[in-house]
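What you see below is based on every heavy atom in this structure, not just the backbone, and it leaves out hydrogens, waters and symmetry mates. To find a chain, count down the sequence lines: A is the first, B the second, and so on, and within it residues start at 1.
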Amino acid sequence: MFDGYTTSELMSIFAMQGFAGLSLFSVFVLMALGLAIIFGQMGVINMAHGEFMILGAYTTYLTSSAFQSYLPGLFGGYFFVAMLFAFLVCAALGAFVEWAMVRHLYRRPLDTLLATWGLSLILQQAYRTIFGAREVGVTLPDWMMGSIQVTDMVDLPINGLFVMIIALSIAIAVYFLMYRSGWGKKVRAVVQNRPMAEAVGINSAGVDRATFALGCGIAGIAGAAFTMIGSTGPSSGQAYIVDTFLVVVFGGAQSLIGTIVSAFGISQAQSTLEFFLSGSMAKVLTLLVVVGILMLRPEGLMALKIRR
Amino acid sequence: MKDSPVVKWFASREGLYYLALALLLVVVLPVMLDAFRLNMVGKYLTYAFVAIGLVMCWGKAGILSLGQGVFFGLGGYCMAMYLKLEASTPEATAIQSTPGIPDFMDWNQITALPWFWEPFNSFAFTLIAVIGVPVLLALIIGVAMFTRRVGGVYFAIITQAIAAILTILIIGQQGYTGGINGITDLRTLMGWDIRTDEAKTALYFVTVALLFVCLFAARLIQKRKLGRILVAMNTQENRVRFSGYDVAAFKIFVFCLAAAFAGIGGALFTLSVGFMSPSFIGIVASIEMVIFCALGGRLSILGAVYGALLVNAAKSGFSESFPELWPFAMGALFIGVVLAFPNGLAGLYQTYVMPLEERLFRRKPKTDGSQKAKATAPAQTPGERGKEYDPLIDQYSPEKS
């Protein structure tokens with residue numbers, strides 16, 4: 001499939017497709033981080049994760065409309081406010097869902113999967129009722145428009161770069177929160193041995209709720225970032241959920257680094273193949289390879305060494 | 001004759017439940033409904049095949065497959081390919097630039113029948129493929145996953161990914177599969193027009209007959225030692241393994257069984273609806289199939305039939321009058337069935353209706369020594385009854401999965 005391209009052309013194609021893949025990578029990382037926290041740390045499958053992301057996107061959309069009408073002078077900075085709002089709204093809903101639903105199902109992970117799928121159906125239809133079935137988009141502030149020209153064949157759009165920076169900073173923040181803070185230590189203690197963690201005085205139910213809320217909040221930020229590179233519709237979240245689960249499982253459920261590596265690998269493979277094959281075949285091929293590798297190595301790329 | 005085990009079984013409580021279902025499907029519904037509605041019930045029943053498979057696979061053995069739509073679709077597509085070839089005679093397709101191939105291939109500039117379509121000229125091969133192709137795929141997935149001890153949530157996600165892959169593949173390869181529209185305009189089955197009302201009614205009865213074949217097959221398995229091992233594996237996998245059983249082999253078997261049921265259902269679906277499209281096999285369709293099983297009661301094969309009927313009837317009812325409310329109802333159903341009544345309708349029936357039945361019929365405790373007889377003993381309170389083992393509905397164990 002590389003016939004008829006010179007080496008330098010191939011290099012540019014890889015660079016260009018590689019960058020196009022980076023925006024997919026950012027979305028994957030942001031969604032997968034939230035999922036990896038919830039699934040990796042708590043063993044809970046949140047099928048409504050895509051809908052939490054879309055909730056964040058709608059929050060951003062509403063914030064941008066509010067800034068446009070009431071604070072046009074500060075419009076350039078609305079995104080940061082929106083990101084905060086998106087985090088808070090999604091974390092609050094996440095905490096509520098954990099309280100109402102998920103906490104009853106910790107010992108039945110397959111049932112959580114079904115219950116959160118039901119939640120995702122309800123949320124999707126709620127968005128359709130409130131915001132309409134049409135996709136909405138936000139107006140980008142001026143400073144996010146345009147692109148940086150690296151060479152004469154490679155253009156880097158600023159909004160894509162910005163989203164990637166957000167994705168990486170949140171990944172770093174999550175790393176510090178999970179592995180370098182007292183709260184992260186509590187979360188890991190509960191994961192490793194719940195009764196023991198309770199015995200030393202950790203409020204495990206509270207930790208669960210906070211973890212779930214954090215995961216959902218990160219999904220909200222993912223949604224806010226998502227509005228920068230695409231438009232939002234009621235079922236946009238569902239389009240990503242299977243891919244994101246594969247990213248998490250492929251990376252090794254309890255490894256944040258693994259999640260990022262697998263998000264990178266899957267998004268790059270998909271976007272590079274898209275140039276040479278049709279879009280659907282690129283996706284099929286990528287997913288097949290991932291499923292194939294998972295069948296050979298079920299623990300994922302970077303698994304903790306544990307005895308099973 | 002009166003003492004023959006078959007007659008005895010039909011007079012037993014479980015046999016009566018089967019008789020009631022047969023009565024409903026063979027007598028009551030055909031008498032009450034017109035041909036159009038009856039065909040719709042037939043369509044719902046094809047989903048019951050999938051639901052029975054899921055009861056065996058998920059309820060009994062604890063393997064949740066979110067990709068049953070794949071097997072349903074493969075069965076359906078095999079049947080649709082045969083019917084399409086039969087409908088695409090050179091005479092019927094004379095206006096095409098290449099007569100004798102399906103119309104969508106002609107639209108996509110394909111000039112010869114692809115190799116994998118060739119065998120579907122034979123009806124015998126199609127019948128084998130309807131079961132064989134899903135079972136083969138299930139076998140590959142099962143061997144790859146279960147021998148490596150992948151289970152639970154991981155298995156669910158991977159089967160879901162397979163459903164996604166197959167849907168994208170079918171939609172993307174329009175020239176070979178009919179794309180998003182699917183394989184449409186199916187007319188005859190070996191010269192027999194399947195679009196008439198009589199044909200649809202006949203197909204309904206074929207569906208009911210095959211449904212009972214599958215029900216009895218599933219019942220046979222769950223009564224045998226095989227079924228007991230499946231349940232044991234679900235709750236205490238390691239103990240079963242340490243007792244010397246090959247857990248992976250049993251899982252592969254039950255997964256293939258579920259795939260075979262789903263394939264049969266899919267083929268009947270194609271026959272009763274008259275087309276097959278990727279929308280019936282994707283992620284959303286596949287996960288809906290789980291709710292048929294969950295609503296009916298994930299441990300009861302009869303419940304699965306009722307679950308498939310009820311959910312689908314509600315779905316078309318809602319879609320006709322309040323289409324925007326259906327996703328809310330469906331979502332609430334998912335949440336409710338998991339949180340409030342994990343044993344589904346069968347569980348509710350056992351808790352609330354069975355005591356009434358006992359009061360009505362004043363059944364004497366049987367002396368055949370089975371625990372079921374103990375469970376129906378009037379001396380026990382309902383709470384105690386819940387702890388007893390009932391062959392129809394096993395207790396749901398929260399520790400599993």
Side-chain angles (χ1 to χ4, degrees), chain A residues 39 43-45 47-48 100-101 104-126 128-129 133 234-235 238-239 241-243 245-246 248-250 253 277-288 290-292 294-300 308, chain B residues 58 62-64 66 140-141 143-145 147-174 179 283-284 287-288 290-291 294 298 324-339 342 396-401:
Chain A
F39 176 55
V44 165
I45 289 279
M47 291 299 275
M101 203 162 87
H104 306 289
L105 301 170
Y106 278 126
R107 299 171 78 191
R108 292 147 53 187
L110 292 179
D111 284 9
T112 337
L113 198 157
L114 296 179
T116 48
W117 176 264
L119 178 71
S120 87
L121 290 179
I122 292 177
L123 286 177
Q124 265 184 45
Q125 188 60 27
R128 211 166 281 136
T129 318
S235 47
Q238 209 169 43
I241 191 77
V242 173
D243 296 10
F245 268 121
L246 278 186
V248 173
V249 175
F250 188 53
L277 302 165
S278 68
S280 64
M281 283 316 283
K283 186 138 194 207
V284 166
L285 210 60
T286 319
L287 290 181
L288 269 182
V290 171
V291 168
L294 276 177
M295 283 181 175
L296 298 175
R297 197 182 150 77
E299 65 274 26
R308 284 184 305 144
Chain B
W58 174 43
I63 307 160
L64 177 56
L66 296 182
I140 295 170
I141 300 172
V143 168
M145 310 289 292
T147 49
R148 288 189 175 75
R149 301 192 187 176
V150 177
V153 168
Y154 285 83
F155 186 77
I157 291 174
I158 287 179
T159 47
Q160 194 172 40
I162 290 168
I165 292 173
L166 190 72
T167 320
I168 301 170
L169 193 65
I170 287 177
I171 293 176
Q173 297 299 308
Q174 204 171 10
I283 295 172
V284 180
I287 205 164
E288 272 182 17
V290 176
I291 202 69
R298 62 184 80 180
E324 67 282 355
L325 285 183
W326 171 242
F328 287 124
M330 190 75 169
L333 193 61
F334 267 103
I335 296 173
V337 91
V338 162
L339 280 180
Y396 173 67
S397 121
E399 286 85 14
K400 65 115 182 269
S401 67

Structural part of B:Met145 lying under 4.5 Å from a heavy atom of chain A:
side chain

Region of B:Ala161 that comes under 4.5 Å of a non-hydrogen atom in chain A:
both

Is there a side-chain contact between B:Phe328 and A:Thr129, using heavy atoms and a 4.5 Å cut-off?
yes

Heavy-atom cut-off 4.5 Å, strictly under: side chain, backbone, both or neither for A:Gln124 against chain B?
neither

Looking at residues at least two apart in the chain, or sitting in another chain, which of them share a side-chain contact (heavy atoms from CB on, under 4.5 Å) with B:Leu333?
B:Ile291, B:Leu295, B:Val311

Does any backbone or side-chain atom of A:Ala48 lie under 4.5 Å from a heavy atom of chain B? Answer side chain, backbone, both or neither.
neither

Taking the side chain as C-beta and beyond, is there a heavy-atom pair between A:Asp111 and B:Arg298 under 4.5 Å?
yes

Who among A:Ser280, A:Ser120, A:Ala126, A:Gly118 has the most heavy-atom pairs with chain B under 4.5 Å?
A:Gly118

Side-chain heavy atoms of A:Phe245 within contact of A:Ile45, under 4.5 Å
yes

Turns out that what part of A:Leu287 lies under 4.5 Å from chain B's heavy atoms comes down to both

Portion of B:Val290 that has a non-hydrogen atom of chain A nearer than 4.5 angstrom
side chain

Side chain, backbone, both or neither: which part of B:Ile287 has an atom under 4.5 Å from a heavy atom of chain A?
side chain

Top residue by heavy-atom pair count (under 4.5 Å) with chain A, among B:Thr147, B:Ile158, B:Val284, B:Leu166?
B:Val284

The test is side chain to side chain contact (heavy atoms under 4.5 Å, CB included); show your working for B:Glu324 and A:Arg128 and say whether it passes.
CA-CA 9 Å; B:Glu324 67 282 355; A:Arg128 211 166 281 136; over 6 Å; no

Between A:Leu288, A:Ile241, A:Thr286, the one whose heavy-atom pairs under 4.5 Å with chain B are most numerous:
A:Leu288

Are A:Met47 and A:Gln238 side-chain neighbours, meaning at least one heavy-atom pair lies under 4.5 Å?
no

Residue selection (most heavy-atom pairs with chain B, distance under 4.5 Å) from A:Val242, A:Leu105, A:Leu114
A:Leu114

Under a 4.5 Å cut-off applied to non-hydrogen side-chain atoms, are A:Leu119 and B:Phe334 in contact?
no

Can you find a heavy atom in the side chain of A:Phe250 that is under 4.5 Å from one in the side chain of A:Leu294?
yes

Is A:Met101 close to chain B through its backbone or its side chain, or both, or neither, when contacts mean heavy atoms under 4.5 Å?
both

